[in-house]
**Q** 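Dumping the structure here so I can ask a few things about it.
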Amino acid sequence: MRRAAIAAAATATAALTVGAGSANAANERHGDGPDNAKGRPYTVGLFGDMPYGPQGRVEYPRLLADMNKSDIEFSIFDGDLKAGGDGTCDDALYSTSLASFNTLKRPVVVLPGDNDWTDCWGRYGAGTGGFDALERLDHERQVFYPTDQTLGRHTMTVQRESSEPGYEKYRENVRWVYGPVMYIGLNVQGSNDNLPHAGVDGENRPDSEIARMTAEHQEREQANIHWLSESYALAAKQGLKGVMVAWQADPNFNNEQKLQPAQYDGYNEILPELRRQVLAFPGQSALVHGDSHYFKLDKPMKYDNGQVVAKFTRVETFGDGNTHWVSATVDPRDPNLFEFTPKIVAANVADR
């Protein structure tokens, strides 16, 4: 496995160079491109878990307009196109979301969320089911990831894990380099990353279906670990200053949510792998996720002696009833590299 990863990483270096060139062509309409950004600050938009409910659908266009007025280079949507109880996962959910993403002037990288596929069997009760979770994920891949371009009115080239033999289905797992930072997008989900247990979190499907989802989780988890470790190796090889990882799930660092083991054992492999990569990488790392629906900025990773890993930052984006976004400023001159700021959309405050 290690020899295969090294060989794939060598191939990926060339692909990333091509991706940066294509992104640069798009960025000529905005300013200088990803290579020139190595020496200057720039800003990225982060959002997810929206729109939720009727009021959220009213507020969502205001948020997109606010992002369009800002000076961001690109944005990352960290999953969940709707609330879990917000109707079914019919085709209109994805086509409507696609149209919304494409109102953004700058490129937007979109990641899957559990409400988009893992929960579409009906986890949230009557009127929310009727779909096969894996079929919905395949449909989402077709709608949002048909090529190596992002969404948005101006697109950006990314490399997809599907470009590597053995990982053809994982089109949602992406990476790209902008300035001094490697960005990595992974399909890591809420609802215990699609690792179900009978009677836990509303799980009432038959044993055969639980076994099918468990097999999906295990296969995708290995694909996530492969992509994460290979991407960090590339970032180190290229001498980059930072890595930003984005996925949907709140992984419950240090069991901060006081859950039972069967509610978060789906992260028992990806979190230790993330920690290994963060500790080995000489620069700064950040994890961006959604899922729990409130803005959070902290440093939850620790060394074995209990001291904080200062070079790792976690940021959780807004969502649910708070239709706002987060800006991430990358400043190559700052030893901390990343600065995160909540961006409150004034028209979406106190209107409920």
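All of these numbers come straight from a predicted model, not from anything done at the bench.
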**Q** Of all residues at least two apart in sequence or in a different chain, which pass the side-chain hydrogen bond (donor to acceptor under 3.5 Å, both in side chains) check with Tyr170?
**A** none
**Q** Run Val158 and Tyr183 through side chain to side chain contact (heavy atoms under 4.5 Å, CB included) and show every step you take.
**A** CA-CA 10 Å; Val158 294; Tyr183 295 86; over 6 Å; no
**Q** For Asp78, check side-chain contact (heavy atoms from CB on, under 4.5 Å) against everything at least two apart and list the hits.
**A** Asp49, Val288, Thr317
**Q** With sequence neighbours left out, which residue pairs that include part of residues 178-195 fulfil the salt bridge (Lys or Arg N to Asp or Glu O under 4.0 Å) condition?
**A** Asp193-Arg220
**Q** Tell me, please, which residues at least two apart from Arg160 pass side-chain hydrogen bond (donor to acceptor under 3.5 Å, both in side chains).
**A** none
**Q** Tell me, please, which residues at least two apart from Leu98 pass side-chain contact (heavy atoms from CB on, under 4.5 Å).
**A** Asn102, Val143, Phe144, Leu151
**Q** Please list, chain by chain and in numerical order, all residues satisfying side-chain contact (heavy atoms from CB on, under 4.5 Å) with Thr88, sequence neighbours excluded.
**A** Asp90, Phe131
**Q** Which residues pass the side-chain contact (heavy atoms from CB on, under 4.5 Å) test with Ala235, not counting sequence neighbours?
**A** Met182, Leu240, Val243, Phe281
**Q** Provide the full list of salt bridge (Lys or Arg N to Asp or Glu O under 4.0 Å) pairs with a residue in residues 299-312, sequence neighbours left out, each pair given once.
**A** Arg275-Asp304
**Q** Which residues pass the side-chain hydrogen bond (donor to acceptor under 3.5 Å, both in side chains) test with Ser231, sequence neighbours left out?
**A** Arg175
**Q** Can you list every pair that meets salt bridge (Lys or Arg N to Asp or Glu O under 4.0 Å) and has a residue in residues 258-273, with sequence neighbours left out?
**A** Glu273-Arg276
**Q** Sequence neighbours left out, what passes side-chain hydrogen bond (donor to acceptor under 3.5 Å, both in side chains) with Thr329? Give chain and number order.
**A** Thr43
**Q** My understanding is that only residues two or more places apart in sequence, or in another chain, count here; which of them pass salt bridge (charged side-chain N to carboxylate O under 4.0 Å, His left out) with Arg314?
**A** Asp250, Glu256, Asp298
